[in-house]
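Structure, as C-alpha cells:
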Amino acid sequence: MRALRDRETFQREEVERLAPWAVPSSATQGRRVAEPEHPYRTAFQRDRDRIVHARAFRRLEYKTQVFVPHEGDHYRNRLTHTLETAQIARTIARALRLNEDLAEAVALAHDLGHTPFGHAGERALNQLMKGAGGFDHNRQTLRIVDWLEERERSFRGLNLCHETREGILKHGADFEHPVHLPRLEAQPSLEAQVADAADEIAYTNHDLDDGLRSRLVAAESLGELSLWAEARASIAERVAGASPRVVRAQTIRALIDRLASDLITASSVRLEAGTPHDVDAVRRAPERWIALSHPMARAFRELKLYLFENLYHHPRVVRMSERGEAVLRDLWHAYRSRPEELPRHIADRARLDGEERALADYLAGMTDRFALAEQQRLCGGAPVA
Ligand code: MG
C-alpha cells in the first residue's frame, strides 16, 4: 500500500466518487493567472487554504453577526458564523456526492466582504457610496479575493479558481471590477448552491439561539411556529428534566438537523428526477436544484419572518444597528475632510482606485472594535458602546 496520496490520486478519487453534475477539481476552468499545480492538494483545496490564510479572514472574528462583541463572549461573530456555514455545507455536499472542497471554499469566503456592524454597516456604506458605484458585501467579497489581498509579487488577489469566484459573486455583475469578472450563468454550480443554503440554515439557527440566550426572543413565544414545535416535540423525551440550556441546545441541534436533512433529501430527489447531464446543465436550469421541500420551505420562511419581526427589529438590535451606521458615517466624513489621517497604503490605493472606493474598502475592512477606536480618535465622540 502506498503511504502517500498525491493530487492525482485525489483527482482520480473525485471522478470516481462525485456525481456527474458535481465539479471535480480536475475540470476547473482555472485561475486568472496560470500557476503550477500543487503536488498533494487539489485546486479547490488550495483555494480553501488561501481563503483561511487571508488577512480578511482573520478580521471576521471581530465583526458583528447580530450582536456586537461587547454584548457577551458567547454570541456568534462572522468567523464562527462562517465556520458553522462551512461545516453544514460540507455535510450537505458530501451526502449529495458533490465536491466538498469547493463547497467549503465558497462557504469560508462568503462573508469576507462584510462591513463592521453587520448589515447596518453595509447600508450606511452603500448610502455614502451612492454617487461612486454603491456598496454590496458579495461584490466586496469578490473584490477582496481578486484585488485587495496582496500576497504575490506579480499579481494582486488570491488568484482563486473560476468556480470559487463564481460561487462568491452570487448575483448580477453590472459594476466595475478591477479584473475580469467570472462569467455568470442562470445558476452557479451545485457546490455554490449548497454553500448558499448552508449559510441560511446556519444564520437562522444561530441567530435564534443567540436571540434566546440574550432573552430578546422568548422561548414561550416560539410555540406557534411549526418548525420549532416539531423540533421541540422530537426531543421531548431526551430532554425531560433537563436544564433550559440543554433544552435550547438540543432544540437548535434538532432544527439544524431537520433543515439539513430535508435539504439533502429534497435536492437528491430533484437531481435524480432531472438528471442534469453535467455542471453546464446545472448552470442553465431556470431554478436552483439545491432547495428545501415545499412544506419545509414554508415552515422555514415562517421562522425567518418571526426572527425578522422579533429579533432583527427588536429595539435593542435596532439601536445597535443605528449606532453602527453612525460610526461609519462619522468615519467617512472625518477621513474625507482629513485624508492625511488615512494610512499610507490606503492613500496610495486612492490614486489607483479613486478616493471614494479606496475609503470604502478601508472602512469595509475594519473590525467593529477598530472602527470604534478610530471614531473615538478622529471624532472624539463618546464611546458608541
Ligand atoms: Mg453569511
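Read the numbers this way: they start at 1 and go in the same order the structure lists the ligands and their atoms.
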Count the heavy atoms of every other residue, nucleotide or ligand shown that sit under 6.0 Å from CD of Gln250, and state whether that count exceeds 12.
->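 Yes.
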
Could you list all the ring pair (Phe, Tyr, Trp, His ring centres under 6.0 Å) pairs where at least one residue sits in residues 217-271, not counting sequence neighbours?
->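 Pairs touching residues 217-271 that pass the test: none.
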
Results of ring-ring contact (aromatic ring centres under 6.0 Å, His included) for His313 - residues two or more places apart only =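 By the ring-ring contact (aromatic ring centres under 6.0 Å, His included) rule, His313 matches Phe308.
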
Which residues share a ring-ring contact (aromatic ring centres under 6.0 Å, His included) with His110, sequence neighbours left out =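 With neighbours one apart ignored, the set is His81.
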
Using side-chain contact (heavy atoms from CB on, under 4.5 Å) as the criterion, point out the one residue from Leu102, Ile290, Val279, Asn99 that pairs with Leu190.
->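 It is Ile290, the one option of Leu102, Ile290, Val279, Asn99 that forms the side-chain contact (heavy atoms from CB on, under 4.5 Å) with Leu190.
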
Counting no waters, how many protein N/O/S atoms sit under 2.8 Å from the Mg ion (ligand 1)?
-> 4

Glu302 and Ser226: side chain donor to acceptor below 3.5 Å = yes

